[in-house]
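Below is one structure; the comments refer to it alone.
Starting from 1, each residue takes its place in the sequence as its number. The shown structure was predicted, so the numbers you read here are calculated from the model rather than taken from an experiment.
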Amino acid sequence: PFEGVAWTPRPPQGPPQGCFACIAKPPALRQASPVLSPSSAVYLMESKSCKGDSLRTAVPCKHSVEKKTMTNPTTVIEIYPDTTEVNDYYLWSIFNFVYLNFCCLGFIALAYSLKVRDKKLLNDLNGAVEDAKTARLFNITSSALATFCIILIFIFLRYPLTDY
């Protein structure tokens with residue numbers, strides 16, 4: 001039943017050893033003799049698992065010397081977070097500082113707006129976002145309280161207290 005059949009050995013199982021240049025080359029196939037007896041065909045067949053497979057010693061790669069002498073050029077690309085999306089409320093803070101500086105809240109908002117700009121330059125995105133929230137809070141508070149006081153002043157000018 002095995003007459004005229006040529007068996008070729010399988011490549012070794014398990015992770016290949018050596019460098020990419022050695023692994024990428026296909027293993028050379030042995031030429032089988034034209035006429036094989038069944039006993040020699042069984043000899044050439046490789047079993048699926050063999051105790052000797054784990055005992056193989058690692059064959060040093062002929063390219064290992066080249067790897068040590070070669071230097072791979074590397075390129076470092078620094079990616080910074082996009083800090084343009086963090087609003088610093090700078091103009092609103094200046095307006096509150098100049099016109100609506102109720103209890104120095106406009107000044108505090110301006111200070112936090114400047115801290116946001118500094119942290120954006122230092123690429124501290126988390127700190128810039130936190131200070132932007134604080135500057136916005138002080139701007140809202142300053143604007144609301146100053147607007148409320150202006151409305152009260154207009155009401156008292158229109159209707160003085162002597163009429164009550």
Side-chain angles (χ1 to χ4, degrees), residues 9-29 46-164:
R10 287 187 186 160
Q13 299 293 329
Q17 296 176 349
C19 71
F20 181 74
C22 294
I23 295 169
K25 295 178 185 175
L29 299 176
E46 186 178 318
S47 66
K48 289 189 176 181
S49 65
C50 178
K51 292 182 181 177
D53 287 342
S54 62
L55 301 175
R56 288 185 196 159
T57 59
V59 178
C61 177
K62 64 180 180 181
H63 297 98
S64 62
V65 177
E66 294 175 13
K67 281 185 178 179
K68 292 177 183 175
T69 58
M70 293 174 63
T71 57
N72 294 332
T74 57
T75 303
V76 177
I77 300 173
E78 295 181 7
I79 300 173
Y80 293 108
D82 188 18
T83 58
T84 58
E85 63 192 34
V86 179
N87 196 356
D88 57 2
Y89 305 107
Y90 186 67
L91 293 177
W92 190 11
S93 298
I94 288 178
F95 179 78
N96 281 340
F97 177 64
V98 174
Y99 295 109
L100 306 175
N101 197 9
F102 184 81
C103 294
C104 295
L105 291 177
F107 175 72
I108 296 170
L110 181 64
Y112 274 103
S113 296
L114 292 173
K115 283 177 67 174
V116 170
R117 287 196 169 191
D118 291 341
K119 289 186 179 183
K120 279 170 57 174
L121 288 175
L122 295 174
N123 291 320
D124 182 13
L125 189 61
N126 294 332
V129 168
E130 292 298 318
D131 286 342
K133 288 179 183 178
T134 307
R136 182 174 159 234
L137 176 73
F138 278 113
N139 277 322
I140 290 172
T141 307
S142 176
S143 297
L145 289 176
T147 304
F148 180 71
C149 288
I150 290 172
I151 290 173
L152 280 179
I153 289 172
F154 279 127
I155 289 174
F156 284 127
L157 286 176
R158 176 74 174 113
Y159 305 105
L161 286 177
T162 57
D163 292 342
Y164 296 112

Subject >> Non-hydrogen side-chain atoms of L100 and I150 separated by less than 4.5 Å >> reply: yes

Subject >> Aromatic plane relationship, W92 with Y89 - under 30° parallel, 30 to 60° tilted, over 60° perpendicular >> reply: perpendicular

**OP:** Check whether any side-chain heavy atom of E130 lies under 4.5 Å from a side-chain heavy atom of N126, and answer yes or no.
**Re:** no

Subject >> N139 and S93: side chain donor to acceptor below 3.5 Å >> reply: yes

Subject >> Sequence neighbours excluded - ring pair (Phe, Tyr, Trp, His ring centres under 6.0 Å) pairs with any residue from residues 103-142 >> reply: F97-F107, Y112-F138

Original post:
If only atom types and distance count, is the side chain of S113 paired as donor or acceptor with the main-chain N or O of D88 below 3.5 Å?
Top reply: yes

Original post:
Does Y90 reach the side chain of L110, with side-chain heavy atoms less than 4.5 Å apart?
Top reply: yes

Original post:
Short question: side chain of N96, backbone of S142 - any donor-acceptor pair under 3.5 Å?
Top reply: no

Original post:
Atom CZ of R136 and atom OG1 of T141: how far apart are they, to the nearest 0.5 Å?
Top reply: 10.5 Å

Subject >> Side-chain donor or acceptor of K120 paired with backbone N/O of V86 under 3.5 Å >> reply: yes

Subject >> CG on D118 to CG on D124, rounded to 0.5 Å >> reply: 11.0 Å

Subject >> Nearest-0.5 Å distance that lies between atom CG in L125 and atom CD in E85 >> reply: 6.5 Å

**OP:** Would you check if L145 and L105 make a side-chain contact, meaning some heavy-atom pair closer than 4.5 Å?
**Re:** yes

